[in-house]
Amino acid sequence: MNSTPASGSPEALRAGLVKQLRDLGAIRTDRVASVIGQVPREAFAPEARLAEAYDPQRAVVTKRDKDGLAISSVSAANVQAFMLEQADPQPGENVLEIGSGGMNAAYLAELVGPAGTVTTLDIDPEVTDRARRLLADAGYDSVHVVTADGEFGAPGRAPFDLIEVTVGAPDIPPAWREQLAPGGRIVVPLRVRGLMRSFVLVREGDRLVSRGYELCGFVPMQGAGEQRERLVLLRNTPNEEVGLRLDDGDQVDVEALRAALSSPREEVWSGVTVGGEEPIDDLDLWLATVLDGHTRLTATVGARDKGIVASASPLGVATLVAGGTFAYRTVRAVDETRTRFELGAYGHGPAAAATAAGLVKEIRAWDQTQRSGPGARIEIFPAGTPDDQLPAGRVVDKAHTRISISWPGRRP
């Protein structure tokens, strides 16, 4: 009898998914490979076709708000895989998941084993009802499903060895730190100065210290902790929209910047080049750290094609705002093969050349002192911590925390 899975069967798709995720670098250990190869994704994404459920880089949206924006989804497999690698759940651990979908809770249940416990929590009863039903149908009825506001955790089931957050968080609520066992970990997609990264945070007394981070994107938290970015439009012509994404109370002179967008642009180039497939996530985090007027410029494809701006990134590109002037990061090909690109900045407004030069100065600083280095060090302290108890570096003040961002590789 032939025991090889039929091509296109769920078993074959799981095996293929594991290989793709290894090739992408999302899977790094045999433990995570084993659970992703075992848990049936189709059982937790019945809304999707098999090919969609097993697409390594595709999230399956399971609920939208009245405006059509996704508010609940089954995360893409590559994101689930690298977050499991970050979290490193161990047999026997007590785990809290904030943001329910069912599938990730099943992965966690497999990794902590029968001696461990998994609680998955969501504010939306429709989401938790769905997760409870799908988990039970797939044989994971040992997972505790709770309907509650994630801002406050699950105090009745604490302390937790691991808290994995699968929604975008603007801050770290006190309950998460308080419900974490000493030395416990939080894996959280945290938004800092407009950029989201999945951080691994380890509790050391009253502070949380990052042990690494990955680029990610998640639907935002709901409930008491909800704090969404603001989008201000500099151009609102149909199909040619250009805007700025603002975070953490950022304020800009919108009318002056609208006028600046209509002015001729100035170009400043850095001499720093990158490969077409080379990640520059740390460059964006560096710019967000060192630029006082940091925000992100976002635009539609129509605005780019019309030549209004050079980038059509929906999430935005690093931008420096100085009064009625702004400059944003861009690239240009350095040869006809278009495999290598030079980093630079385009500026608009009264001080366009100087503002673009200021952005380019920090691109060069990143290249000289941080590129291929250890990255940023993130330490998170309770709100109210005195300045003299914080490390040197950029401090981002939020409602519950003070986030310190420093760069150990930076030269004096």
Side-chain angles (χ1 to χ4, degrees), residues 193-195 197 215 217 231 233-235 237 239-245 252 257-373 375 407 409-410:
R193 289 184 64 76
L195 300 182
R197 298 290 186 271
L215 180 69
L231 176 65
L233 291 175
L234 306 185
R235 183 183 178 94
T237 304
N239 302 318
E240 296 175 5
E241 294 92 347
V242 178
L244 292 174
R245 292 188 178 276
V252 297
L257 294 174
R258 284 174 179 160
L261 180 61
S262 300
S263 68
R265 77 185 184 196
E266 296 283 349
E267 302 180 16
V268 180
W269 297 97
S270 67
V272 177
T273 63
V274 295
E277 300 297 323
E278 183 180 351
I280 54 173
D281 308 336
D282 260 9
L283 169 59
D284 286 338
L285 186 56
W286 167 261
L287 294 174
T289 302
V290 299
L291 296 176
D292 287 339
H294 173 269
T295 183
R296 288 173 299 139
L297 183 84
T298 181
T300 60
V301 171
R304 182 198 62 194
D305 292 348
K306 194 74 174 289
I308 300 164
V309 292
S311 171
S313 169
L315 296 178
V317 295
T319 300
L320 172 59
V321 173
T325 300
F326 69 92
Y328 60 95
R329 177 177 61 74
T330 189
V331 298
R332 65 180 178 185
V334 299
D335 57 36
E336 293 181 356
T337 66
R338 299 188 65 81
T339 57
R340 196 149 195 90
F341 299 84
E342 182 182 6
L343 296 166
Y346 288 158
H348 292 265
T355 304
L359 196 156
V360 163
K361 176 184 176 182
E362 294 302 344
I363 291 175
R364 291 177 179 141
W366 166 80
D367 179 58
Q368 294 164 7
T369 69
Q370 301 300 330
R371 191 171 185 172
S372 302
W407 292 81
R410 189 176 191 181

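In what follows, every heavy atom counts, from backbone to side chain, and hydrogens, waters and symmetry copies are set aside.
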Nearest 0.5 Å, what's the OG1-CD distance between T298 and E241? 9.5 Å
With a 4.5 Å cut-off on side-chain heavy atoms, are E362 and H294 touching? no
Main chain of E342, side chain of R332: is a donor-acceptor contact present, judged purely on distance under 3.5 Å? no
Please examine the side chains of T330 and W269, heavy atoms only from C-beta on, and report whether any two atoms are closer than 4.5 Å. yes
Any donor and acceptor pair, going by atom type alone, linking the side chain of R258 with main-chain N or O of L233 inside 3.5 Å? yes
Evaluate side-chain contact (heavy atoms from CB on, under 4.5 Å) for T289 paired with R193, printing each intermediate quantity in order. CA-CA 8 Å; T289 302; R193 289 184 64 76; 5.9 Å; no
Does the side chain of L257 come within less than 4.5 Å of V252's, by heavy atoms? yes
Is it the case that atom CG in N239 sees more than 12 heavy atoms from other parts of the structure closer than 6.0 Å? no
Restricting to non-hydrogen atoms, name the atom on A260 and the atom on G324 that form the minimum distance, rounded to 0.1 Å. CB-O, 3.3 Å
For the residue pair V274 and R371, establish whether any side-chain heavy-atom pair is separated by less than 4.5 Å. yes
Measure across G344 and I363 and return the closest heavy-atom pair with its distance rounded to 0.1 Å. O-CD1, 4.0 Å
Quick one: are L244 and L297 in side-chain contact, heavy atoms under 4.5 Å? yes
Does the side chain of T339 come under 3.5 Å of the side chain of T337 through a donor N or O and an acceptor N or O? yes
To the nearest 0.5 Å, what is the distance between CZ on R338 and CZ on R340? 14.5 Å
Could you tell me whether the side chain of D282 reaches within less than 4.5 Å of the side chain of W366, counting heavy atoms only? yes
Reported CG-to-CZ distance for the pair L261 and R235, which is rounded to 0.5 angstrom: 7.0 Å
With a 3.5 Å distance limit and no angle check, can you tell me whether R245 reaches the backbone of G316 through a side-chain donor-acceptor pair? no
Looking at R329 and D284, is any side-chain nitrogen of the basic one under 4.0 Å from a carboxylate oxygen of the acidic one? yes
Shortest non-hydrogen pair, A351 vs T325, comes out as N-OG1, 3.0 Å
For A365 against W286, the heavy-atom pair lying closest together: CB-CZ2, 4.0 Å
For K306 and V242: C-alpha separation, side-chain torsions, deciding distance, then whether side-chain contact (heavy atoms from CB on, under 4.5 Å) applies. CA-CA 12 Å; K306 194 74 174 289; V242 178; over 6 Å; no
Taking the inter-plane angle between the rings of F326 and H348 on a 0 to 90° scale, is it parallel (under 30°), tilted (30 to 60°) or perpendicular (over 60°)? parallel
So, the side chain of E240 versus the backbone of G302: is there a donor-acceptor pair under 3.5 Å, distance only? no
So do L215 and R197 actually touch side chain to side chain, heavy atoms under 4.5 Å? yes
Provide the closest heavy-atom pair for A288 versus L195 in the form atom of the first, atom of the second, distance. CB-CD1, 3.8 Å
Closest approach of S311 and A299, non-hydrogen atoms and distance? O-CB, 3.4 Å
OG1 (T273) and CD (E278) are apart, to the nearest 0.5 Å, by 8.0 Å
What distance separates I280 CD1 from L343 CG, expressed to the nearest 0.5 Å? 5.5 Å
My understanding is that only one of L291, T295, D292 makes a side-chain contact (heavy atoms from CB on, under 4.5 Å) with L320; could you say which? L291
